[in-house]
Amino acid sequence: MRRAIYPGSFDPVTNGHLDVIERARKLFDEVIVAVAINDQKQPLFAPDERLAMLRQAITIDAVRVAPMEGLLVEFAASEGAHAVVRGLRAISDFEFEFQMALMNRKLDSEIETIFLMPKEEYTYLSSRIVKEIAKLGGDVSAFVPPLVAEALAKKFKSPVESVAPVT
Ligand code: ADP
């Protein structure tokens, strides 16, 4: 059984992530999408929301979504996975990813990191930019699954609209 871990914050999942998951699934028998829940970043969505959105958005088989606390290499070993999948968009991703991959190799030499490139149209896509567009009221429907677009709209609903009108 060839099993890979695809770790990340997924705050929220985008079409770029889904593209990487599909590519990874072609190479591995099972892909475990590991949602980092002790992230240093301040996430917009709670871990449960990120997990639920991923589970609803992923429509292919043999992909499992799981929360991940602690070290990636320990999580991978506990799941019997020897590969870590990461997405590479542009040169800007490279330095950080290179450092992480080599550090993980130092921590566990059995684990290989492999990098997958998304479809060209997703190379400029990130959760951060999607959140910025949604926050400013822009249309993100081309970048995320419909349920994520709805969740973003709800998060950024202007407080004025949600206040009951004064009668
Ligand atoms: P992190 O918070 O660890 O950067 P993300 O959840 O943003 O994680 O992304 C997880 C992985 O998916 C990372 O390897 C990231 O480079 C990759 N990724 C994110 N967006 C895209 C995209 N549009 N195309 C390809 N890979 C992507």
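Counting convention: from 1, in listed order, for ligands and their atoms alike.
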Completion exercise
A student comparing Gly16, Gly87, Ala36, Ala90 should find that the heavy atom closest to atom 15 (C) of ligand 1 comes from Gly87
Problem - Arg86 side chain vs Pro7 backbone, donor-acceptor pair below 3.5 Å - result: yes
Practice task
Could you tell me if any non-hydrogen atom of Phe115 lies under 4.0 Å from any atom of ligand 1?
Solution key: no
Practice task
Could you establish whether Glu97 and ligand 1 come within less than 4.0 Å of each other, counting only heavy atoms on the residue side?
Solution key: yes
Practice task
Spell out, as yes or no, whether a donor-acceptor pair under 3.5 Å connects the side chain of Thr14 to the backbone of Gly16.
Solution key: yes
Problem - Pairwise side-chain contact, Val31 with Val85, heavy-atom cut-off 4.5 Å (strictly under) - result: no
Exercise for the section: Report yes if Asp11 has an N/O atom closer than 3.5 Å to an N/O atom of ligand 1; otherwise report no. Expected result: no
Practice task
Look only at the side chain of Lys131 and the backbone of Asp11, and say whether a donor-acceptor pair between them is shorter than 3.5 Å.
Solution key: yes
Practice task
List every atom of ligand 1 that sits less than 4.0 Å from any heavy atom of Arg86, numbering the atoms from 1 in the order shown and giving each element.
Solution key: 3 (O), 4 (O), 10 (C), 11 (C), 13 (C), 14 (O)
Practice task
List every atom of ligand 1 that sits less than 4.0 Å from any heavy atom of Phe10, numbering the atoms from 1 in the order shown and giving each element.
Solution key: 6 (O)
Practice task
Would you check the N or O atoms of His17, main chain and side chain alike, for any that come under 3.5 Å of an N or O of ligand 1?
Solution key: yes
Problem - Ligand-side contact atoms (ligand 1) for residue partner Gly8, heavy atom cut-off under 4.0 Å - result: 3 (O), 6 (O), 8 (O), 10 (C)
Practice task
Report the part of Pro7 in contact with ligand 1, treating N, CA, C, O as backbone and CB onward as side chain, heavy atoms under 4.0 Å; options are side chain, backbone, both, neither.
Solution key: backbone
Practice task
Please state whether the rings of Phe94 and Phe98 are parallel, tilted or perpendicular, taking 30° and 60° as the class boundaries.
Solution key: parallel
Practice task
Using the side chain to side chain contact (heavy atoms under 4.5 Å, CB included) rule, take Lys155 and Phe45 through it: C-alpha gap first, then chi angles, then the decisive distance, then the call.
Solution key: CA-CA 9 Å; Lys155 280 272 181 212; Phe45 291 99; 3.4 Å; yes
Practice task
Could you list which atoms of ligand 1 come closer than 4.0 Å to a heavy atom of Val20?
Solution key: 25 (C), 26 (N)
